[in-house]
Structures are given as C-alpha cells and as structure tokens.
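Worksheet for the structure shown next.
Computed from a predicted model, the values in this text were never measured in an experiment. Both ligands and their constituent atoms are indexed starting at 1 by order of listing. The figures that follow rest on heavy atoms only: side chains count, while hydrogens, waters and symmetry mates do not.
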Amino acid sequence: MHYYNPVIRGFYPDPSVCYADGWFYLVCSSFEYFPGIPIFKSNNLIDWELIGHCLTKTSQLDLNQVSSSGGLFAPTIRYHKGRFYMIVTNVSGGGNFFVYTDDINGEWSDPIFVLHQGIDPSLMFDGDKVYFTGTGTDENGKSGICQCEIDIETGKILTPSKCISQGSGGRYVEGPHLYHINDYYYLMMSEGGTEYGHMLTLFRSTDPYGPFEACPFNPILTNRNLGGYKIQGAGHADLTHDEQGNWWLVHLAFRQIDKWKPFHHLGREVFLQPVSWTKDGWIKTGVDGTSRIGYTKLDGKWSILNEDEQKQQIWQPNQKEACFLRRPDYSLYRFENNRFYLKGTIDTLDGIGNPTFLGIRQKEFDCIMSCSINGQTMTIGQEAGLSVYMRENNHYDLLVEKEDNNYYIKLILKIGEHGFIINSINLNHSDIKLKITANAGIYMFYAKGDQDDYTYLGRAETKYLSSEVAEGFTGVILAAYCVADKEGKSGWVEYQLIE
Ligand code: 6LW
C-alpha cells in the first residue's frame with residue numbers, strides 16, 4: 001500500500017474528520033468564500049470527493065463586507081446517534097455556532113450559537129454530556145484551551161468554562177480536540193502558529209477537565225526541523241480510525257515553492273498520517289513525528305516515499321467546486337456544459353465587496369488555465385477576464401476591456417499597494433482566447449484573437465501571492481470574473497473552456 005500527500009490539494013485548511021456508516025467525512029475552513037465549509041467524503045481516507053457545503057444559504061452565513069481571511073475559521077465535524085454536527089467560528093461576527101443535519105447530502109440546520117469566547121471549537125459526545133472545547137483565556141488573561149458542557153439542543157452553556165490546558169509552552173495554543181479513548185481523555189492541540197514553527201501536541205487525563213499530563217515526546221508531529229523540505233507548517237489535526245482498527249491523523253500543512261524558497265501560495269492543504277499506539281498509550285504519527293510527501297507500507301511498517309507525484313491541473317470551473325466571494329448574487333451566473341455566462345457589477349476584485357467571481361482552488365503548482373471570451377455582448381467600459389486571486393490586494397488579472405469596438409487585452413498585477421499594468425494589446429477581434437500557465441515559481445500569461453499563435457503578455461512570480469507576502473490564511477483561487485462599466489452596466493459575457 002502506498003499513498004501521496006496532500007490527500008486533498010489546494011486551499012483546504014484546518015481539516016476535521018468523522019466516521020459514519022462506512023464513510024469518512026471531512027470539513028475545512030472557508031473564510032470569506034461562499035458557500036461555507038466544504039464537505040468531503042471517502043472510504044479509505046486517501047481518495048476524497050467534494051460532496052457539498054454545510055452553509056449554503058445567506059440565512060446560515062452572511063459574509064457581506066467580510067475582510068479577506070475573516071469569516072469562517074476551523075470547523076469540527078462529529079457524528080452522534082445518526083446526526084452530523086459541524087461547529088465553527090465566524091470571526092467576522094457571531095462567533096461560535098453549530099449546525100446539524102441527519103442527511104449529509106441534504107441541507108444543514110440554521111446556526112445555533114454558543115456564547116463562548118475564542119475560536120477553533122470542538123465537540124465531544126460522552127455519555128449524556130456534550131463537551132465544548134475551544135480557545136480562550138484563563139482568569140489571568142493568558143491564552144489556553146477552555147472547556148464547558150453545552151446543551152446540544154439549544155447551544156446553552158451548562159457549566160462554567162474552565163481553562164484546561166496551556167499546551168507545552170508554544171505560542172498560539174489552538175485547534176483543540178478532546179477524545180475519550182479507553183480509560184483516558186486525550187487532548188490534542190496545535191502550538192507554534194500556523195507557519196513554519198507549527199506543531200501538534202498531545203496530553204491526557206482520566207478526567208475531561210484535567211489535570212493533563214503531557215506526552216513525553218511532544219510535539220507528536222512537526223516539520224519545523226526539516227529545513228528545506230517541501231512540506232512545512234504541519235499542525236492542526238483530527239484523529240480517527242478505520243474499521244480494521246488502524247488509526248490515522250488528518251492535519252494541515254503546506255507545500256513551499258522550492259527547497260530554499262520559503263513561500264507557499266496554494267494555501268494550507270490536507271495531509272494524512274498513519275498513527276500507531278505505544279505500549280504506554282501515547283500516539284506516534286508520521287515518520288518519527290514528521291509529515292512526509294509519500295508513504296509506503298512494507299512488512300507492516302510505514303516508510304517514506306521521496307518522489308512526489310507529478311500532477312498538472314487543467315482549470316475547469318464547475319458548480320460543485322465553485323467558490324464565490326462573500327455574498328454572491330447567483331442571478332449573475334449561468335452554467336451550460338463547458339460554457340458559463342457572467343454578468344458584472346461595479347464591485348471589482350480590488351475591494352471587499354461582492355464581485356462577479358467564479359473560482360476554484362489552484363490545486364497543483366503546474367497548471368493551465370484557459371478559456372475563450374466572447375466580447376460581443378460586453379458593454380463599452382466593461383471588463384471580463386481570468387484572475388489568479390489570493391486576496392483583494394494580491395491578484396494577477398488577464399482581462400479583456402472593451403473600448404469603442406476595440407478589445408484591449410491587459411495583464412495587470414496587483415501586489416500589495418502597487419498595481420502594475422504589465423502589458424496592453426489591441427486584438428481588434430471579439431472572440432478572444434486567454435491562457436495562463438503556471439509552475440511552482442512563475443505564472444505566464446498569453447492571449448490571442450483570430451491569429452494562429454498566442455501572444456505572450458508577460459510573467460509574474462507566484463511568491464507575491466504567497467501567504468508570506470500577501471498575508472492571511474487562504475490560498476490561490478483561479479477565477480473567471482467580470483466587472484460592469486462605471487455606471488454599473490454589464491452584458492452577459494460568454495466564457496468557453498478550451499484546450
Ligand atoms: C485556525 C487555527 C489555525 O483557526 O489557523 O493552523 C487558523 N491553525 O487553528 C485559521 O485557519
């Protein structure tokens with residue numbers, strides 16, 4: 001048996017997993033993107049299919065005017081007595097809340113709020129009690145993991161919240177999960193921050209409120225000492241086991257763009273680690289507590305595969321994977337086989353409004369993004385194009401602008417407070433083909449009208465869209481977008497996917 005990480009590729013951070021009736025279900029953070037909280041399904045923990053989202057209605061989630069990397073942080077999914085629960089924080093308003101469903105393929109409930117400070121909430125069902133565990137502060141204001149019991153019907157807090165652990169001394173104690181396994185309550189959390197110093201630590205107690213003893217070999221997972229290794233920032237995990245009694249961890253980490261280039265732009269992704277139990281009842285994970293790109297099992301023991309899988313992504317936006325910014329107006333989008341139609345509003349990609357934006361995650365360093373745009377129905381002054389989008393201050397746009405009856409193709413790079421028009425050509429033709437190619441370090445931009453070959457417009461480094469440069473918790477989205485003219489007038493623009 002062998003497999004490669006990440007098992008879910010592209011910006012899908014803070015994974016949480018549960019098991020129900022032969023299937024594993026996994027959820028991730030979604031921040032300012034709508035619909036909120038993607039749900040994946042798998043029967044082997046390696047091959048995952050996106051099956052939907054928990055929060056699909058504005059009544060459940062209104063992200064209007066939410067800042068980039070605001071919105072939804074770090075969900076937990078749990079299954080109890082035939083019902084799925086997903087608890088999460090809206091850091092931009094509302095705080096901690098959960099939703100539930102009895103049908104994983106159907107709609108989820110309206111939010112039930114838990115008036116508890118902090119982020120990264122988790123639930124544990126234990127006998128007739130439901131524990132809420134999340135971040136908070138102790139009576140002196142020092143950060144830690146706090147816990148109380150709640151009423152799962154109403155979200156009401158039933159017991160005083162108690163600070164149960166402050167971790168092993170690392171900064172940013174977060175992402176806790178409590179598990180009741182045999183005689184112990186295990187508390188797993190992350191420390192060190194979701195960057196290069198990230199780590200996973202483990203504690204246990206015979207009482208859910210502690211005192212907790214620390215695992216003697218904490219941190220149980222970290223790549224902080226693997227300088228130059230392609231996977232960095234390993235932490236924020238959830239534990240599960242399969243029907244054969246094998247235990248596994250899903251966790252987040254990121255792929256840096258090159259050995260000595262500590263930048264990542266694909267966001268934090270989902271990794272899978274084999275877990276084994278020591279005779280003293282602690283867990284060992286990964287290979288010597290590190291997260292690796294590939295694993296193979298030989299004679300019952302996991303060892304490292306050094307070679308990565310070479311994968312290329314062909315950009316194919318579709319309704320299932322589509323992510324929209326904040327509070328999308330679905331009446332501005334129409335899908336038809338390998339075509340879709342977008343109508344712009346005055347909101348541009350440079351603000352925190354609701355631009356017409358149809359994106360999917362960039363999942364591979366190597367990718368090709370191309371489409372043809374029919375400019376005939378565009379109004380004068382309207383803009384339509386493709387964007388490699390990290391956030392409002394960091395995105396690369398290859399666009400068509402209609403002026404009189406001319407079509408100008410522009411490459412514009414928005415990098416922090418700076419905007420650069422790299423190139424502008426007049427194609428004088430309404431059927432325009434746009435193409436962006438990428439490798440780990442560079443995006444290249446091309447366009448053509450009725451001529452045979454593409455015209456090269458320029459290139460841009462991936463690192464200016466990385467979390468290290470652009471800031472924030474998200475990753476690159478490859479999007480088609482459309483902006484109305486200055487008066488807000490916009491025609492429907494046809495985008496057709498091409499080879
Ligand atoms: C999340 C925290 C974290 O709330 O990053 O890596 C934060 N861990 O647990 C945002 O994703």
Using a strict cut-off of 4.0 Å, indicate which atoms of ligand 1 neighbour a heavy atom of His198. 6 (O)
If the cut-off is 4.0 Å to any non-hydrogen atom of Leu252, which atoms of ligand 1 fall inside it? 6 (O)
N-O pairing of Glu269 and Arg361 below 4.0 Å: no
So which heavy atom in the protein is nearest atom 5 (O) of ligand 1, and how far is it from that ligand atom? Arg268 NH1, 3.1 Å
For ligand 1, note which part of Thr89 has a heavy atom under 4.0 Å away: side chain, backbone, both or neither. neither
Hey, does Phe31 sit under 4.0 Å from ligand 1 if you only count heavy atoms? yes
Atoms in ligand 1 with a heavy atom of Ile119 nearer than 4.0 Å: 4 (O)
For Ser69, is there any backbone N or O sitting under 3.5 Å from a side-chain donor or acceptor partner on Thr474? no
Does the side chain of Ser68 come under 3.5 Å of the side chain of Glu392 through a donor N or O and an acceptor N or O? yes
Just distances here: any N/O of Asp14 and N/O of ligand 1 closer than 3.5 Å? yes
Cut-off 3.5 Å, side chains only: do Ser42 and Asn44 have a donor facing an acceptor? yes
Should the pair Arg327-Asp347 be classified as a salt bridge under the 4.0 Å nitrogen-to-oxygen rule? no
Is it true that the side chains of Tyr396 and Glu461 contain a donor and an acceptor less than 3.5 Å apart? no
Between the side chains of Glu468 and Tyr196, is a donor N or O closer than 3.5 angstrom to an acceptor N or O? yes
For atom 1 (C) of ligand 1, what's the nearest protein heavy atom and its distance? Asp120 OD1, 3.5 Å
Identify, for atom 3 (C) of ligand 1, the protein heavy atom at the shortest distance, and state residue, atom and that distance. Glu174 OE2, 3.4 Å
